[in-house]
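Naming: A, B, ... by sequence-line order, numbering from 1 per chain. Values reported hereafter were calculated over all heavy atoms of this structure, with side chains retained and with hydrogens, waters and symmetry mates removed. Keep in mind that what you see is a predicted model, and the values were worked out from it rather than measured.
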There are 2 protein chains.
Amino acid sequence: MAYTKSTEFNLEQQEVAQLAKVLSHPARVAILQHLAQVKTCISGDISNALPLSRTTVSQHLQELKNAGLIQGEIDGLTVCYCINQEKFDAATQSLGNFLNNIQSSCSSCGC
Amino acid sequence: MAYTKSTEFNLEQQEVAQLAKVLSHPARVAILQHLAQVKTCISGDISNALPLSRTTVSQHLQELKNAGLIQGEIDGLTVCYCINQEKFDAATQSLGNFLNNIQSSCSSCGC
DNA sequence: TAACTATGTCGTATGTTTGCGTTATACTAC
DNA sequence: GTAGTATAACGCAAACATACGACATAGTTA
């Protein structure tokens with residue numbers, strides 16, 4: 001980790017940045033939207049709906065899973081991915097708090 | 001752009017991802033918080049307040065400026081950076097819409 | 001003019017992300 | 001057992017991000 005000083009910032013800043021990073025690729029945004037809308041959310045279906053290979057989609061799913069935003073349950077041959085609503089709510093609130101705090105405390109700078 | 005298929009997603013997905021990318025580094029999060037709180041938002045002051053070199057801070061400022069979230073006005077020898085409230089509000093709304101739409105349309109998957 | 005100060009740009013080193021082909025794993029059906 | 005299907009793991013190449021020192025630019029002051 002020689003070339004990232006991320007750890008020298010405070011926890012809120014790190015948390016916001018990490019959440020934002022998960023959302024910083026359109027594929028992951030699209031996957032979340034897809035999961036929210038579709039009932040049968042199988043990994044293969046997701047790659048069919050996206051302009052990416054199955055391998056790449058699987059990697060993005062893994063990142064969303066690591067962040068806790070989704071969860072996957074093995075159901076025989078297929079895997080059912082769903083949004084982890086509890087974690088997703090928490091993430092939404094963290095980001096929202098950060099954005100709203102900036103808006104409200106933005107003292108009209110003297111420029 | 002051989003190794004990024006970002007352009008093959010729809011505009012909302014690209015917009016959300018792009019905004020998230022700007023917020024995906026703690027330094028930029030910290031810069032925004034600093035700008036919101038401090039009146040005299042001079043470039044030198046910002047780099048003093050962060051555990052990064054002046055060069056690196058300057059680059060992060062440039063990215064925030066490219067995204068339109070901040071604006072900088074030259075005032076003689078110093079440069080005064082401020083949050084662009086109009087753009088920042090729009091960004092907050094875009095991200096908020098995306099997150100809330102997912103929450104509300106998240107049909108409890110049959111797992 | 002020259003010296004000083006504040007800021008931005010360039011080049012470079014290193015680390016991380018993206019994307020996919022190939023291979024491995026695991027379950028189902030026969 | 002074998003054949004077929006669905007998914008994950010491995011490994012590689014290209015692109016991008018992070019961080020900084022050194023140089024360039026532009027205003028200030030003497």
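Taking atom CG of residue B:Leu23 and atom C1' of nucleotide D:dA17, one finds them 16 Å apart after rounding to whole Å. The nearest whole Å value for the distance from the CG atom in A:Asp45 to the P atom in D:dT5 is 16 Å. A:His60 has its NE2 atom 17 Å from the P atom of D:dT7, to the nearest Å. Atom CG in B:Leu61 sits about 13 Å away from atom P in D:dT18, given to the nearest Å. B:Gln18 places its CD atom 10 Å from the P atom of D:dA17, with the value rounded to the nearest Å. If you take NZ of B:Lys21 and C1' of C:dT16, they are 12 Å apart, rounded to a whole angstrom.
Counting only residues at least two apart or on different chains, the salt bridge (Lys or Arg N to Asp or Glu O under 4.0 Å) pairs with a member in residues 19-31 of chain A are A:Arg28-A:Glu63. Note on residues 90-103 of chain B: no pairs pass salt bridge (Lys or Arg N to Asp or Glu O under 4.0 Å), not counting sequence neighbours.
Residue A:Tyr81 has no polar side-chain atom (N or O) positioned under 4.0 Å from OP1 or OP2 of D:dA6. Contact check, A:Ser43 against D:dA8: a side-chain N or O comes under 4.0 Å of OP1 or OP2.
In this structure, the side-chain contact (heavy atoms from CB on, under 4.5 Å) partners of A:Lys87, at least two apart in sequence or on a different chain, are A:Asn84. Listed by chain and number, the residues in a side chain to side chain donor-acceptor pair (under 3.5 Å) with B:Thr56 are B:Ser53 (sequence neighbours excluded). Applying the salt bridge (Lys or Arg N to Asp or Glu O under 4.0 Å) criterion to B:Glu12, with sequence neighbours excluded, gives no partner residue. Applying the side-chain contact (heavy atoms from CB on, under 4.5 Å) test to B:Glu8 and every residue at least two apart in sequence or in another chain returns A:Pro51, B:Lys5. Listed by chain and number, the residues in a side chain to side chain donor-acceptor pair (under 3.5 Å) with A:Ser94 are A:Glu15 (sequence neighbours excluded). For the side chain to side chain donor-acceptor pair (under 3.5 Å) test, no residue two or more places apart in sequence or in another chain qualifies with A:Gln14. With sequence neighbours excluded, the residues satisfying side chain to side chain donor-acceptor pair (under 3.5 Å) with A:Asp89 are B:Gln103.
Heavy-atom distances under 4.0 Å link DNA chain C to A:Glu63 of residues 62-71 of chain A, given in residue order.
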Worksheet item: What does nucleotides 23-30 of chain D look like as a protein-contact string, B for base, S for sugar-phosphate only, - for none, at under 4.0 angstrom between heavy atoms?
Response: ---BBS--
Tabulate atom names and distances for all N/O pairs under 3.5 angstrom spanning the protein and nucleotides 20-24 of chain C.
unit_1, atom_1, unit_2, atom_2, d
C:dC20, OP1, B:Lys5, NZ, 2.8
C:dC20, OP2, A:Ser53, N, 3.1
C:dC20, OP2, A:Thr56, OG1, 3.1
C:dC20, N4, A:Gln59, OE1, 3.0

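Heavy-atom minimum distance, A:Leu61 versus A:Ile46: CD2-CD1, 4.1 Å.
Residue B:Thr78 is classed as a sugar-phosphate contact, given heavy-atom separations below 4.0 Å to backbone atoms only.
Without hydrogens or angle criteria, A:Thr92 side chain to A:Phe88 main chain gives a donor-acceptor distance under 3.5 Å.
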